[in-house]
Amino acid sequence: MSFWEGLLSRALGERRGQRVLDVGTGPGFLSILLARIGHRPTAVDASPGMIERAASIFRQYGCEATAYLADAEDLSSEADGSYDAVVCRDVVWTLPDPQRAYAEWHRVLKPGGKLIVFDGNYLYPAERRRCHALRYALSWLLILLTEGRVRRRSRDDRALLQELPFTQVMRPEADEQALRLAGFGAIAVQRDYIPRGALPMHDLKYGYQDEQRFEIIATKE
């Protein structure tokens with residue numbers, strides 16, 4: 001957890017007690033970290049099951065975070081300029097309308113607020129080196145052994161995912177364009193943001209994706 005806490009702390013700065021919206025929270029991982037480093041997270045997800053799971057984990061960890069059901073592209077229950085920051089991890093690539101989401105996240109941010117995006121160019125049909133296939137095979141085996149699950153998408157699921165707009169464009173270039181259209185000012189991008197050795201088991205299981213990963217910090221002016 002310390003690695004992710006460090007990433008969030010550097011992005012958010014030293015001021016504690018910031019209101020942070022965790023979009024597409026899933027089981028609440030980022031919200032727990034945000035609370036641990038002294039911020040006030042609100043977690044939203046479009047899946048009722050995930051909201052239930054996140055709320056249960058918050059209680060388990062004594063995390064003071066609100067969790068409620070909401071669409072990442074429609075935060076109509078949130079007032080304009082109500083958050084110091086918005087964060088998300090591996091959410092944007094799954095959205096039917098990323099441009100609408102970026103505009104909505106810009107709306108709920110205060111002036112000077114930050115959008116922090118951890119995402120990746122996961123399904124873009126880029127040329128892969130042979131070592132990529134070898135690392136993928138190793139990851140498949142390790143995930144099976146350590147998590148008891150098979151890392152595989154059905155053909156139908158993959159076909160649906162490939163219809164999503166941000167699986168068909170080069171990223172983060174497409175994100176930068178969308179963020180500017182949404183009204184963001186300063187945009188900083190860091191590719192391959194997880195250094196080798198920082199998360200050894202993560203590197204073995206998911207490191208084959210690292211060259212596709214990126215972090216974006218965009219500021220509302």
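Below, each value reflects all heavy atoms present in this structure, side chains not excepted, and no hydrogens, waters or symmetry copies. The structure displayed is predicted, hence computed values, not measured ones.
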Please find the pair of heavy atoms, one from [X] and one from [Y], that lie closest to each other, and give the distance.
X	Y	answer
Ile51	Ala43	CD1-O, 4.2 Å
Ala11	Ile116	CB-CD1, 3.5 Å
Arg171	Arg191	O-NH1, 4.0 Å
Glu73	Pro96	OE2-CD, 3.2 Å
Ser47	Leu69	C-CD1, 3.6 Å
Asp90	Gly120	OD1-N, 4.4 Å

**Request:** For the pair Phe166 and Tyr102, name the ring-plane relationship: parallel under 30°, tilted 30 to 60°, perpendicular over 60°.
**Result:**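 Correct class here is tilted.
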**Arg19 to Tyr83, cation-pi by 6.0 Å centre distance and 45° axis angle** =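 Yes, Arg19 lies over the aromatic ring of Tyr83.
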**Request:** Answer yes or no for Arg36 and Trp4: cation-pi contact, defined as NZ/CZ to six-membered ring centre under 6.0 Å and angle to ring axis within 45°.
**Result:**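 Judged by the rule (NZ or CZ under 6.0 Å from the ring centre, within 45° of its axis), Arg36 is not positioned above Trp4.
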Do [X] and [Y] come close enough that some side-chain heavy atom pair is under 4.5 Å?
X	Y	result
Arg16	Ile37	yes
Ile217	Leu115	no
Gln99	Pro165	no
Phe214	Asp119	yes
Met50	Thr25	no

**Request:** Return yes if a side-chain donor-acceptor contact under 3.5 Å exists between Ser31 and Asp22, otherwise no.
**Result:** yes
**Message:** Would you say Thr42 and Tyr68 are linked by a side-chain donor-acceptor pair, where the criterion is simply a distance under 3.5 Å?
**Reply:** no
**Request:** Sort and list the pairs that fulfil salt bridge (Lys or Arg N to Asp or Glu O under 4.0 Å) and have at least one residue in residues 91-106, not counting sequence neighbours.
**Result:**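 Those involving residues 91-106 are Glu104-Arg107.
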**Prompt:** So which of Val92, Leu8, Ile216 actually passes side chain to side chain contact (heavy atoms under 4.5 Å, CB included) with Phe118?
**Reply:**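 By the side chain to side chain contact (heavy atoms under 4.5 Å, CB included) criterion, Phe118 pairs with just one of Val92, Leu8, Ile216: Leu8.
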**The single option from Val108, Val117, Leu95, Val44 passing side chain to side chain contact (heavy atoms under 4.5 Å, CB included) against Val23** = Val44
**Request:** Keeping the roles fixed (side chain from Ser9, backbone from Glu5), state whether a donor-acceptor pair exists under 3.5 Å.
**Result:**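 Yes, the answer is positive, given that a donor and an acceptor are paired below the 3.5 Å cut-off.
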Salt bridge flag under 4.0 Å for residues [X] and [Y]:
X	Y	result
Arg15	Asp84	yes
Arg213	Asp192	no
Glu173	Arg180	no

